[in-house]
Number of protein chains: 2
Amino acid sequence: MLRVMPTQVAKLARTDAGLSSALRISVMRLARRLRNERDARDDLSANHLAVLGTLSRHDTMTIGELAAAEKVQPPSMTRTVTSLCDKGLVRRTTHDSDRRVVVVSLTESAHAVIAESRRRKEAWLNHRLRELTPAERQTLRDAAPILERLSQA
Amino acid sequence: MLRVMPTQVAKLARTDAGLSSALRISVMRLARRLRNERDARDDLSANHLAVLGTLSRHDTMTIGELAAAEKVQPPSMTRTVTSLCDKGLVRRTTHDSDRRVVVVSLTESAHAVIAESRRRKEAWLNHRLRELTPAERQTLRDAAPILERLSQA
DNA sequence: TATTGTTATACTCTATAACTATA
DNA sequence: TATAGTTATAGAGTATAACAATA
């Protein structure tokens, strides 16, 4: 049985050489867990939810901008936006000065869906965090901004 | 512009209430980044790679066990295993005592593919970690086992 | 009968190529 | 001509339902 157990992750992390491996394993596993915790009750696909999330961070975006942000090709984004439009979660309008451009924005009901989805995702994690010691929570508080910076690098 | 910036993550993390949100955001972002860093050069799909990874942690598994581990239905796993078999990455043998069961195991070439993929994924993170201060690396060293425990809860 | 895995079939998501409409 | 987006079409990946082989 070659499975990497929690204690092995701690051991790995002790050296600079092992830190990268330990961090990758633990971050990927926790992310997978958080993702599954969400998927269980959401009726929107991961893809659709990602587009709503991106839109909520940018307010309005064009099809091209959305495609670039989600790293898909424009035809795929056309399809996704059409589907979200049918569900009443986004609005499509023509750009004021350039009529080739389609401007996409969230509807009120989308804001509610996003908030609810986020609330559910955090409920599970919140519960787990309350089971940690104050010192462990402090470590995570210190670590969060560093992890964030790594992701932006 | 509603985008959550690194400084906001640090601010969020200061309170117990905000820790869950800050941690979720930073972990999900770093995981996405790590995943993309891998996808860029791998010719195997994320799904195929996940199956190889699971097999490398368990040595031999049946189709049913693999389906359960990857949270897909048996017919989907049959398809995936057939494809990996065609690529020469896994072997299918019949179980000794129960001839309904298919036992799947990695080939030598799969071990090489897994090692190479893992090496690539870690190269990017390794480089980022060297840019941190020793104190920041220590914080991550402390955090890794806690993150791992959260994912197992 | 129950279980393990497969085949048949359909749906979703994605891609490339060819097209329309604006600029 | 070049650009933004769409339509047409095809290829993965997944699911459910029905089936075969074995227990």
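Note on naming: letters A, B, ... go to the chains in the order of the sequence lines (proteins, then strands), and numbering restarts at 1 for each one. Here the structure is a predicted model, which is why all the values come from computation and not from measurement.
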Rounded distance in Å - [atom1] ([X]) to [atom2] ([N]):
X: B/I63; N: D/dT22; atom1: CD1; atom2: C1'; value: 16 Å
X: B/E70; N: D/dG13; atom1: CD; atom2: P; value: 13 Å
X: A/N47; N: D/dG13; atom1: CG; atom2: P; value: 16 Å
X: B/L66; N: C/dT6; atom1: CG; atom2: C1'; value: 16 Å
X: A/H48; N: C/dT14; atom1: NE2; atom2: C1'; value: 12 Å

[X]: side chain to side chain donor-acceptor pair (under 3.5 Å) partners, not counting sequence neighbours:
X: A/D142; value: A/Q138
X: A/E65; value: none
X: A/E108; value: none
X: A/R128; value: A/E131

> Do any pairs count as a side chain to side chain donor-acceptor pair (under 3.5 Å) and have a residue in residues 93-103 of chain A, sequence neighbours left out, and if so which ones?
Replying inline: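 Matches after skipping sequence neighbours: A/H95-A/S97, A/D98-A/R100.
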> What side chain to side chain donor-acceptor pair (under 3.5 Å) pairs are there with at least one residue in residues 69-78 of chain A, not counting sequence neighbours?
Replying inline: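 Checked against side chain to side chain donor-acceptor pair (under 3.5 Å) - neighbours excluded - the pairs reaching residues 69-78 of chain A are A/T54-A/E70.
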>> At a heavy-atom distance below 4.0 Å, what parts of residues 77-95 of chain B sit against DNA chain D?
In response: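 Close to the strand are B/R79, B/T80.
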> In this structure, which one of B/R24, B/R29, B/R33 forms a salt bridge (charged side-chain N to carboxylate O under 4.0 Å, His left out) with A/E148?
Replying inline: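 Output: one option passes, namely B/R29.
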> What string of B, S and - do you get for nucleotides 16-23 of chain C, 5' to 3', if B is base contact, S is sugar-phosphate-only contact and - is no contact with any protein heavy atom under 4.0 Å?
Replying inline: BB---BBS
>> Could you work out, with side chain to side chain contact (heavy atoms under 4.5 Å, CB included) as the rule, every residue matching A/V104, not counting sequence neighbours?
In response: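 Partners of A/V104 by the side chain to side chain contact (heavy atoms under 4.5 Å, CB included) criterion, ordered by chain and then number, come out as A/L55, A/I63, A/L66, A/V81, A/V90, A/V102.
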> Any side-chain N or O of B/S45 less than 4.0 Å from the OP1 or OP2 oxygen of D/dA12?
Replying inline: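 Checking D/dA12 against B/S45, no side-chain N or O comes under 4.0 Å of OP1 or OP2.
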> Within the pair B/T62 and C/dT4, is there a side-chain N or O less than 4.0 Å away from OP1 or OP2?
Replying inline: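 So the side-chain polar atoms of B/T62 never come under 4.0 Å of the phosphate oxygens OP1 or OP2 of C/dT4.
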